[in-house]
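The chain is numbered in sequence order, starting from 1.
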Amino acid sequence: MLLRVFDTGLQERQVLHLVHCIQNGGIMIYPTDTIYGLGTSLSNIRSLDRVANLVQKHKDDMNFTLLCRDLSHLSRFARPISNGLFRQIKSLVPGPYTFILNANHEVPRLFQTTKKQVGIRVPDHPVLQSILEVMDEPLLNISLPVDEKLDPEYFTDPELIHSRYGKQVDLVIDGGEGKIQYSTVLDCTQDEIKVLRQGIGLFEE
C-alpha cells in the first residue's frame, strides 16, 4: 500500500491506522530527515526477522536504530550518561544525528542479540513525529539499503521505492522526494563525542 501524505500531512485516522499496522507486526517504509527508513514497532520484535530477510542480512549484523519522539526513552535503553553529554545530545535534537550509546540490560533482551551499544535518533520530520507521538515508543529502524548499481531515484522517489519494495512491506508512506544522505553518527559511549560517520548533520569535535 502506498500512502501519499506530502501534500496534506497525516490525518489523525491515518496515524491511527499506521500505528495499528506496525504494532501488529507490520513493516513500513517512511520518510525521515535523511534517507527513507524501513522499520517496525519495537513492541513486536518478531518483525525483526522480516526486516532482516528483506535486506538479506542476519539480524546480528544489522545496525538498527531506535527512532524516538524525544530523549525521554534514553534511560530505558542506554546506561546513565553525564549531564554534560546529555546537554550536548539535547542541543542536536531533533535532527539528522544518530547517537551511539552504551546499552543497558534491556537492549540485548529486546534485540535477542548480545548488542552492547544502541543507536538512538530523534528525527526532525513531521510525519515520523506524528506517528511516534501516538505510539509513545520508538520505531525499530534501518535506513533503506542503497544499491549503487541503481539510479539514486530508486531510493528517493516514493513511487519507485514502492515499485521495488511494495510487495515486501505492508506500507510505503509517500512523504515527497527523499534525500540520499545519511545521518551523522556520533559515538557517545564516552564523555567526549567522536564522529564515526560524517553525514548530513554538522558536528565539530
Side-chain angles (χ1 to χ4, degrees), residues 1-48 50-51 54 62-78 81 86 89-101 103-104 106-107 110-111 115 118-144 158 161 165 169-176 178-179 181-186 188 199-201:
M1 176 181 175
L2 179 64
L3 178 62
R4 293 182 173 86
V5 301
F6 62 91
D7 288 329
T8 59
L10 279 173
Q11 300 174 10
E12 182 179 358
R13 61 177 178 82
Q14 292 175 318
V15 174
L16 294 176
H17 172 70
L18 291 170
V19 171
H20 176 78
C21 175
I22 57 180
Q23 287 186 332
N24 284 274
I27 295 175
M28 68 177 181
I29 293 174
Y30 39 79
T32 77
D33 49 356
T34 57
I35 194 167
Y36 265 75
L38 167 70
T40 188
S41 168
L42 187 61
S43 62
N44 199 326
I45 202 66
R46 288 174 295 180
S47 299
L48 179 62
R50 284 187 63 196
V51 176
L54 193 153
M62 299 179 68
N63 294 319
F64 282 103
T65 300
L66 300 181
L67 297 187
C68 303
R69 179 188 63 200
D70 51 36
L71 295 177
S72 60
H73 294 290
L74 205 62
S75 61
R76 179 183 171 190
F77 305 105
I81 60 175
F86 179 81
I89 293 174
K90 188 176 180 180
S91 70
L92 297 172
V93 300
Y97 301 90
T98 298
F99 306 101
I100 306 300
L101 295 152
N104 62 21
E106 181 82 355
V107 172
L110 285 172
F111 285 80
K115 289 182 180 294
V118 61
I120 291 179
R121 278 199 64 197
V122 181
D124 186 14
H125 197 285
V127 169
L128 271 181
Q129 284 291 345
S130 62
I131 294 171
L132 292 168
E133 185 75 29
V134 173
M135 286 181 61
D136 197 31
E137 67 172 342
L139 273 171
L140 189 62
N141 170 80
I142 187 170
S143 295
L144 201 63
I161 291 172
Y165 294 105
V169 300
D170 299 279
L171 285 163
V172 176
I173 301 177
D174 181 351
K179 299 175 181 177
Q181 300 100 324
Y182 291 96
S183 65
T184 294
V185 179
L186 301 177
C188 302
I200 193 172

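- Not counting sequence neighbours, the partners of Leu16 by the side-chain contact (heavy atoms from CB on, under 4.5 Å) test are Glu12, Val134.
- Closest approach of Ile22 and Ser41 over heavy atoms only: O-CB, 3.2 Å.
- The shortest side-chain heavy-atom distance between Leu66 and Asn141 does not fall under the 4.5 Å cut-off.
- Looking at every heavy atom in both residues, Ile173 comes nearest to Met28 through CD1-SD, 3.9 Å.
- Counting only residues at least two apart or in different chains, salt bridge (charged side-chain N to carboxylate O under 4.0 Å, His left out) contacts with residues 90-99 are absent.
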Query raised in the report: Is there a side chain to side chain contact (heavy atoms under 4.5 Å, CB included) between Leu92 and Leu186 once you walk through the steps?
Result: CA-CA 11 Å; Leu92 297 172; Leu186 301 177; 3.7 Å; yes
Query raised in the report: Taking it one step at a time, do Ile89 and Leu101 satisfy side chain to side chain contact (heavy atoms under 4.5 Å, CB included)?
Result: CA-CA 11 Å; Ile89 293 174; Leu101 295 152; 4.2 Å; yes
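- Looking at every heavy atom in both residues, Val172 comes nearest to Pro158 through CG1-O, 4.1 Å.
- Note that CZ of Phe86 and OG of Ser91 are 10.5 Å apart. Values are rounded to the nearest 0.5 Å.
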Query raised in the report: Would Tyr165 and Leu38 count as a side chain to side chain contact (heavy atoms under 4.5 Å, CB included) if you check the C-alpha gap in whole Å, the side-chain angles of each, and the deciding distance to 0.1 Å?
Result: CA-CA 10 Å; Tyr165 294 105; Leu38 167 70; over 6 Å; no
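- The closest donor-acceptor contact from the side chain of Asp124 to the backbone of Gly95 lies at 3.5 Å or more, if one exists at all.
- A donor-acceptor pair under 3.5 Å links the side-chain atoms of Thr40 to the main chain of Gly26, judged by distance alone.
- A donor-acceptor pair under 3.5 Å is absent between the side-chain atoms of Asp70 and the main chain of Val122, judged by distance alone.
- Taking the side chain as every heavy atom from C-beta outward, Ile200 and Tyr182 never approach each other to under 4.5 Å.
- Using a 4.5 Å cut-off on side-chain heavy atoms (C-beta onward), Leu139 and Tyr30 make contact.
- Note that OG1 of Thr65 is 11.5 Å distant from CZ of Phe99, once rounded to the nearest 0.5 Å.
- Ile161 places none of its side-chain heavy atoms less than 4.5 Å from the side chain of Asp174.
- Ser130 OG to Met135 CE: the interatomic distance, rounded to the nearest 0.5 Å, is 11.5 Å.
- Between Phe64 and Leu140, the shortest heavy-atom distance links the atoms CD2-CG, 3.7 Å.
- For the residue pair Val19 and Ile131, the shortest heavy atom distance occurs at CG2-O, 4.0 Å.
- When only modelled atom types and interatomic distance are considered, Thr98 and Ser183 share a side-chain donor-acceptor pair under 3.5 Å.
- Rounding to the nearest 0.5 Å places CD of Gln181 at 12.0 Å from OG of Ser143.
- In this structure, the side chains of Leu67 and Pro138 stay at 4.5 Å or more apart for every pair of heavy atoms.
- Taking the six-membered ring where the residue is Trp, His73 and Phe77 present tilted rings, their angle falling between 30° and 60°.
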Report task. Could you walk me through whether Arg121 and Thr34 pass the side chain to side chain contact (heavy atoms under 4.5 Å, CB included) test, one step at a time? Result -> CA-CA 11 Å; Arg121 278 199 64 197; Thr34 57; 3.4 Å; yes
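- Contacts of Asp170 classified as side-chain contact (heavy atoms from CB on, under 4.5 Å), with partners at least two apart in sequence or in another chain: Cys21, Ile27, Arg50.
- Here the CD atom belonging to Glu137 is positioned 5.0 Å from the CD atom belonging to Gln23, to the nearest 0.5 angstrom.
- Residues His125 and Thr32 come closest through the heavy atom pair CD2-O, 3.4 Å.
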